[in-house]
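Following: one structure in structure tokens, then a few remarks.
Note that the structure is predicted; figures quoted are calculated from it, not measured. Naming: A, B, ... by sequence-line order, numbering from 1 per chain.
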Amino acid sequence: MKVSFYLFFLSFGFSLNCYGQLSIIPTWNKKPLELQHVYLIHNKDSISFSTLKIYFSDFRFKDKISGRITSIDTLIFYDLADSSTHSFFNDLNLSNYECVAFTLGLDSSKNVSGELENAYDPLLGMYWAWNTGYINLKIMGESSAVPTNSHEFEFHLGGYRSPFATAQTIQIDLNDQYIYFDLEKLFSENIKLTKNHHILMPCKDAFLISQGLSACFK
Amino acid sequence: MKSSSFLFICFLGFSILAFTLKKAIPHPFYQPKEWPKPTYNFKGNPLDYEKFELGRALFYDPILSRDSSISCASCHLQFTAFAHVDHKTSHGIDGRVGKRNAPGLANLAWRKLFHWDGGVLNLNAQAINPITHVDEMDMALDSLMYRLDRSPIYSAAFKRTFGTTDIRPFHLVKALAQFTLALISENSKYDKVKHGEDGIEFTEQEKKGLILFNNFCSSCHKPPFFASDDYKSNGLPIDPELLDFGRMTITGNKRDSLLFMVPTLRNIEYSFPYMHDGRISKLKDVIKHYTLLDYSNPLLSKELRKNPVKLSENEQKDLLAFLKTLTDKSFLFDERFKYSTMK
């Protein structure tokens, strides 16, 4: 028991000391979320996910000792279906930092930059041509809680114009290299699938749901 | 010297000459004197004649639409100042009718916002709209990239001009912008009179029309573009079928209800029908519209509310004569903007 505890502790310490990558891990019931896997929600309805895509930007890391802030303002695209997008910042020594703040989504200047390359490529399926803007968070799937024939839900949360600006600042302590995104919490506390199952443009509901996102990150 | 190596050197010389001659053709974009600096970010897409030719071929190629039936030029014809004629609102794929009238394309490098509702913020990004819009070209971007990659002509052309073997949407839209940026119209009679070219002068009627224009119209249709980046209402009531609220659909702000782009009046004689939904087909009826405004309409923009348009029958004719001086025939028939294909 004691040995295994130490082993765990050692490996933990080791992972902190090497140059780890920051990784995003969406979770359901404290386990990594898998696409197409059927989960239970509210103890009665089924739910499964077909798409989870997220934009992150404007990372600010706070140094443990000096308190200095290191900013990295690139746009990061995350797609659960593409493992090459799951980790980033290879050459950052995460163990130096106490906490990190970042933006979920794109601020208005990024939205209007007209940049269409790399993370901004419209081929990634996050670009809204009609208002030259991007989706911050795209979640699609099926749930028996959705009261339509297809039971599909589709959330394209985005929009940068007031009063419905949706990008969120999120701050978390860096205990390890992982950022957890609790979708179970999002779908049980923020989104009422019986009422809200299709949000495809900037609007009040997109704004309200986005405001609850910060509490789903750990 | 052996004759074969002489021939080889000659061949080399000629091909270098041909190459430099080809390179020497300038991109048709230029900065007209007395105009402000363009808003387009040329650093992100430096002007290049070969890219212009690629963009031109793409503009005229229906390969950009799902069933290869519609090109950009289907809705933007050169001889009507790159607007869509005949139809009130534009026709796209499968004969589907769009909600809006295709505006003429000119002097795009100086624009801050695009589309009747100002929803599009830059020219590169603009082209994604018609390509993917279900009522226009209805083409999925990934299938389009695949199609271009597999086309021997286009894959070679993108490799030559952008040095890429992996064509992405940004390559495509930059090539298209190289063409649309070049669509500069500033050689109308109005411009010639202004620059004192060739001793050309306005007729008496045009002179009277210019004064009326400055009194009633130039507060919104501002020279030298005869347009502005502000969104305004010129008093058109809503069409109960189209229910197009204009700028409000983008900003979500009630104050922007029924505000639309102030379109350019350059080449206006040719870019009929008029207004965002093409509801007015004759230019003289547009002028009449401005004389019949309902000044109790609270949405009417202040430029018109504070300065009601009063024009006698004769004055309307004078104004019409002035508007026709904005026609730029050299633009409408410019060989460099005509149909072409990639060789």
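- Minimum interatomic distance between L141(B) and P122(A) (heavy atoms only, all atoms of both residues): CD1-CB, 3.6 Å.
- Crowding of F56(A) atom CZ: a count of heavy atoms from other residues, nucleotides or ligands under 6.0 Å exceeding 12.
- When each of P202(A), G133(A), G114(A) is scored by its heavy-atom pairs under 4.5 Å with chain B, the top score falls to G114(A).
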No hydrogens needed, just list the donor-acceptor pairs between chain A and chain B under 3.5 Å.
from: E117(A); atom 1: OE2; to: K174(B); atom 2: NZ; distance (Å): 2.6
from: D121(A); atom 1: OD2; to: R168(B); atom 2: NE; distance (Å): 2.7
from: D121(A); atom 1: OD2; to: R168(B); atom 2: NH2; distance (Å): 2.9
from: A129(A); atom 1: O; to: N129(B); atom 2: ND2; distance (Å): 3.1
from: T132(A); atom 1: OG1; to: G119(B); atom 2: O; distance (Å): 2.9
from: T132(A); atom 1: OG1; to: L121(B); atom 2: N; distance (Å): 3.0

